[in-house]
Amino acid sequence: MIVNKPYKLAAREARVVNTSIRLGSVTLGGDDVVIMAGPCTVESREQMLETARGVRRHGAHVLRGGAFKPRSSPYSFQGLGEEGLRLLREAKDQSGLPVITEVMEPGTVGLVSEYADVLQIGARNCQNYPLLREVGLANKPVMVKRGPGCTVEEWIMAADYVMAQGNTQVMLCERGIKTFETYTRNTLDLSAIPIAKRLTHLPVIVDPSHGTGKWYLVKAMCQAAVAAGADGVLIEVHPTPDTAMCDGPQSLTIENFGDCVAGIRTVAEAVGRRVPHLDAAFLPALDPKVETPAAARSLVLA
Ligand code: PEP
Ligand code: MN
């Protein structure tokens, strides 16, 4: 079949049915609205475990956390690296939630794949073609974030770079683009959701945390994203956003995350989707012991 577009494999014409991706006990790309949540960056064992327990309790299906961080300033905290991956593994084992984490370099795709259930291509790397090719060879689902300066077509072509290597488990993520507006960190392009759904057969995730940069806009933008057809959301959550090492102003507290999930559920049901409840019978019991975030921070800073 001839697909007359600069991208081929992601194109709607290339596949009759939508791509669906199994993530733990939920399926992305069907009726389920999948909620991915966790801190911007893995800071410490206590912070990660407390967040994992909290977001699972409130209905998250996938745990996020950055171990290799693409920071705008070279002097900002760059992430815990492999130690962060080990902490994500522990949080996954305790919570039963699959994990998504960013991979920044082709040379670390093997290492990150040992720990991650989903490989995240960060917005800054949307057009890093060697990296896209490398994750295309990995046996893991890949989430391709839209570059802040990328058109929808460039973003879809990035997905095709991954798919051209044989990896068909690809999802797109809208996370805001650069515009003249300065009130928000980026401009969340909600129209990109139905456009991407129309042009491709891939699941579309929306990240209102990076899209707005403001915690109090996250719930409304999650609801709008689901109303517009998003298959999932990616939300930054921190036990104490005021002291987060990265992206505190856009991070929800665990309590606010619970309110956000309730709001997403209302909209999902209104548009004929569902936010599945995880079956506790298939998950590890939640450890009631909750370590203090202060202890967590002192561990990192020590
Ligand atoms: C992130 O999700 O951790 C992140 C750095 O986001 P983005 O690549 O969209 O800036
Ligand atoms: Mn972040």
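Just so you know, these numbers come straight off a predicted model, no measurement behind them. All values below come from the heavy atoms of this structure, side chains included, with hydrogens, waters and symmetry mates left out. Order of appearance sets the numbers: ligands from 1, and atoms from 1 within every ligand.
A salt bridge is absent between Asp32 and Arg22; no separation between the charged side-chain nitrogens and carboxylate oxygens falls under 4.0 Å. Arg86 has a carboxylate O that lies under 4.0 Å from a charged side-chain N of Glu82, or vice versa, which qualifies the two as a salt bridge.
Scanning all protein heavy atoms for the shortest distance to atom 7 (P) of ligand 1 gives Lys145 NZ, 3.5 Å. Given atom 4 (C) of ligand 1, the protein heavy atom at minimum distance is His210 NE2, 3.5 Å.
Within ligand 1, counting atoms from 1 as listed, the ones closer than 4.0 Å to a heavy atom of Arg175 are 7 (P), 9 (O), 10 (O). Contact atoms of ligand 1 toward Ala123: 7 (P), 8 (O), 9 (O) (distance under 4.0 Å to a heavy atom of the residue). Near Gly122, meaning under 4.0 Å from one of its heavy atoms, ligand 1 places the atoms 8 (O).
Between the side chain of Arg133 and the backbone N or O of Gln165, no donor-acceptor pair lies under 3.5 Å.
A cation-pi contact links Lys214 to Tyr183, judged by a cut-off of 6.0 Å to the six-membered ring centre and 45° from its axis.
The OD2 atom of Asp247 and the SG atom of Cys40 meet at the Mn ion (ligand 2) at an angle of about 100°, given to 10°.
At under 3.5 Å, not a single nitrogen or oxygen of Glu102, backbone or side chain, sits near a nitrogen or oxygen of ligand 1. In terms of polar-atom proximity, Arg124 is counted as a contact of ligand 1, with an N or O under 3.5 Å from an N or O of the ligand. Checking only distances, Pro70 never comes within under 3.5 Å of ligand 1, N or O to N or O.
The distance from atom CD1 of Ile264 to atom CD1 of Ile235, rounded to the nearest 0.5 Å, is 4.0 Å.
Tested against Met157 for a side-chain contact (heavy atoms from CB on, under 4.5 Å), the candidates Cys150, Cys126, Pro6 yield a single pass: Pro6.
Side-chain contact annotation: Thr200 with Arg12, donor-acceptor N/O pair under 3.5 Å absent.
For Glu236, the N, O or S atom closest to the Mn ion (ligand 2) goes by the atom name OE2.
Using the six-membered ring where Trp is involved, His58 and Phe257 have ring planes that are perpendicular, over 60° apart on the 30 and 60° scheme.
Here Cys246 fails the criterion, with no N, O or S atom under 2.8 Å of the Mn ion (ligand 2).
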